[in-house]
Amino acid sequence: MEQLEQIRVQKLKQIRELGYDPYPNTYRYTHTIGQVVKDFAEKTAEQLEHGKQKVRVAGRILANRPFGKAGFMALSDGEDQVQVYAKKDQLPERDFQLYHLLDIGDFIGVEGTMFRTRTGELTIYSNEITFLAKCFLPLPEKWHGLTDVEIRYRRRYVDLVVNPEVRSVFIKRSVIIRELRSFLDERGYLEVETPMLHPIFGGALAKPFKTHHNALDMPLYLRIAPELYLKRLIVGGLNRVYDMNRIFRNEGISTRHNPEFTMLEFYQAYSNYTDLMDLTEKMLTEIAEKVCGSRVITYDDQPIDFGKWTRLTMKEAILKFSPEKITEETLKDRAAVERLLKQLHADVDSRMPLGTLIGLLFETVAEAHLVQPTFIYDYPIELSPLSKAKAGDPSLVERFELYIGGMEIANGYSELNDPVDQRERFLSQLQARERGDEEAHQMDEDYIRALSYAMPPTAGEGIGVDRLTMLLTNSTSIRDVILFPHLRPE
RNA sequence: GGGCCGUUAGCUCAAUUGGCAGAGCAACUGACUCUUAAUCAGUAGGUUGGAGGUUCGAUUCCUCCACGGCUCACCA
């Protein structure tokens, strides 16, 4: 409200009149608040009394309990908090006047000596207060805090000030990203940067954001996946590469979908999809242990054990979770599959090929049951225009997806490296596009040309970093793991 | 896009069948030199998301709109 703000503007004026610089350009502290808390944690009141150690710390005032000629403040540097005691006869008169002009949210620097209060709390007995910055807008009320999710996302800066668990989620996110990098770096992978602006969007089945380059007067698309560029690098002899960065998909927004999200894609020459399943098990188990301190985590009230991994073919998963008793023979019968799907109220299109129907059946009956880490492998070829066909069964490809907590976390496959087959797959995608499938893959002649120079056998995988972060921070909304999630304009 | 729920003071929430719009915290004034959700006394703070309708009277009932949450669909 205007009035609250005006009062604080007046206070800043008075602070200036006392002779303080309202916006000083630095403060030299001797300790972070964390160091203070740690260094003096073991000291008794008597030890502190005799030691009289001087400290200078800086931070934001989060609470103030004044009473007449003294008062206590809670000072936070974002990471840690410490109590500050301001007492009239121990401070210069000007500093004590300043104390009465301070508000919750202001930044100050404090010089003083450490002591313990009667209740034993470690506290800085201040002998100097330095004004650092004024907070004009009131912080949320201390007891309930900030809970309105919309304001939390719109004003993430306030959310971070008052909700320590939010800070901890984003610190974990940063650790996850660092650990993913170091896991791959240790194994000889090279991090590369590939274009964000694509003249032909590809590498995934999704709708893109379209933009325009003025000087060249040409349409460009924000990338939906870095895949095709990474494989061009494999052709060029960069045998292990990864790209961890943003991708953009022009689709619905939900608790599991943000229009821009972070994808780790990595490619490894002379390997197949089984190698990547092995690698992924190791990678995610290590990261869960590093981030959560245990192989067993809790997600959405369910225990998830990174010590127990399962691998099922898509068909096995369907048979296992189908409510109706069916056999593998049933899945070869298009009419039977269609009937099953209709019973389950799935959206069936009579033009869909059998493989697409099987994929749909899997999603309908099995996906939600996949809480423990489970690889689903051997996908119908129709769903996977970039994967290598399975030796001995041309209807399937060597592809897997990893499900944890009912969410799709990763997707990997043995890469199709036959340029002739790749051209045919693109052509059949074009047919799907003509049937109205906006997400079907485009033809990419240069990619086929790259494969025509020969790509060694290669396996590649994408890991949804936001989804993985949700899992490891027990967040059920993707917005809780993205600092500034997409919102409609205010 | 569909369904359900929601929007009241800076924040968290009340308001009976449709009958004077309230509390706690935050703020302001005063008291208080070891408090920690400090305490005590007092003051101020509102076009009840917006527009329209029904009614003597609407926070309350109806319609439309905006925004948000959850969920389903699409997707990762």
Side-chain angles (χ1 to χ4, degrees), chain A residues 1-8 10-11 45 62-75 81-91 96 99-100 103-105 115-123 125 135-155 158 162 203-208 224-225 247-265 345-347 359-360 363-364 367 383 401-404 407-411 437-439 461-468 470 476-479 487-490:
Chain A
M1 210 174 61
E2 286 285 306
Q3 278 183 18
L4 292 175
E5 208 175 328
Q6 277 313 312
I7 287 162
R8 294 188 179 200
Q10 275 307 313
K11 283 185 181 172
L62 288 190
N64 186 22
R65 295 178 287 277
F67 33 128
K69 299 185 182 66
F72 291 92
M73 288 175 282
L75 197 67
Q81 268 191 48
V82 70
Q83 182 166 261
V84 173
Y85 186 43
K87 193 174 169 187
K88 186 175 165 73
D89 54 23
Q90 292 297 316
L91 281 168
F96 196 69
Y99 171 65
H100 282 294
D103 286 295
I104 288 169
F115 82 112
R116 281 189 188 278
T117 63
R118 278 175 204 160
T119 52
E121 178 163 347
L122 189 67
T123 301
Y125 208 131
C135 177
F136 293 117
L137 299 175
L139 287 173
E141 177 234 343
K142 62 191 168 191
W143 188 237
H144 295 93
L146 178 61
T147 54
D148 182 311
V149 285
E150 188 191 353
I151 299 178
R152 284 188 43 225
Y153 300 143
R154 285 200 196 280
R155 302 186 204 167
V158 177
V162 300
L205 306 180
K207 285 178 226 158
I224 57 173
I247 65 176
F248 307 87
R249 297 193 183 172
N250 203 343
E251 287 162 354
I253 297 173
S254 77
T255 47
R256 293 177 175 195
H257 301 86
N258 196 62
E260 53 179 302
F261 62 104
T262 300
M263 178 77 97
L264 165 64
E265 280 202 15
H345 310 291
D347 249 345
L360 194 55
E363 285 171 17
T364 312
E367 201 173 298
L383 300 175
E401 288 193 350
L402 170 63
Y403 288 85
I404 310 178
M407 281 193 291
E408 190 184 330
I409 299 292
N411 175 21
D437 182 356
E438 282 181 70
E439 293 176 3
E461 178 171 342
I463 295 182
V465 173
D466 311 270
R467 294 270 179 91
L468 179 63
M470 286 170 70
T476 52
S477 171
I478 199 166
R479 289 177 164 183
L487 301 170
R488 290 177 203 235
E490 213 168 343

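In what follows, chains are A, B, ... by sequence order, proteins preceding strands, each numbered from 1. Note that this is a predicted model, so its numbers are computed, not measured. Quick note: numbers below take in every heavy atom, side chains included, and nothing from hydrogens, waters or symmetry partners.
- Only the C1' atoms considered, B:rA9 is 15 Å distant from B:rU43, to the nearest whole Å.
- Applying the 4.0 Å criterion to OP1 and OP2 of B:rG68, one finds that A:Arg154 has a side-chain N or O inside that range.
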Map every base of RNA chain B to its dot-bracket character, where paired means a Watson-Crick or G-U wobble contact with both distances under 3.5 Å and | marks a partner outside the strand.
-> (((((((..((((.....[..)))).(((((.......))))).....(((((..]....))))))))))))....
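- When the C1' atom is used for both B:rG46 and B:rU8, the distance is 8 Å, rounded to whole Å.
- Take A:Gln10 and apply the side chain to side chain contact (heavy atoms under 4.5 Å, CB included) test, not counting sequence neighbours, and it matches A:Lys13.
- For A:Lys69, taking side-chain heavy atoms from C-beta onward, the closest of the listed nucleotides B:rC32, B:rC34, B:rA76 is B:rC32.
- For the P atom pair drawn from B:rG42 and B:rU48, the interatomic distance equals 29 Å after rounding to whole Å.
- With sequence neighbours excluded, no residue forms a side-chain hydrogen bond (donor to acceptor under 3.5 Å, both in side chains) with A:Lys207.
- Between A:Arg65 and B:rU35, a side-chain N or O to OP1/OP2 separation shorter than 4.0 Å is absent.
- Of the candidates B:rC70, B:rC74, B:rA27, B:rC70 carries the atom nearest the A:Ser477 side chain, counting heavy atoms from C-beta on.
- Between A:Thr255 and B:rU71 there is a side-chain polar atom (N or O) within less than 4.0 angstrom of OP1 or OP2.
- The interatomic distance linking A:Phe72 (CZ) with B:rA37 (P) rounds to 13 Å, in whole Å.
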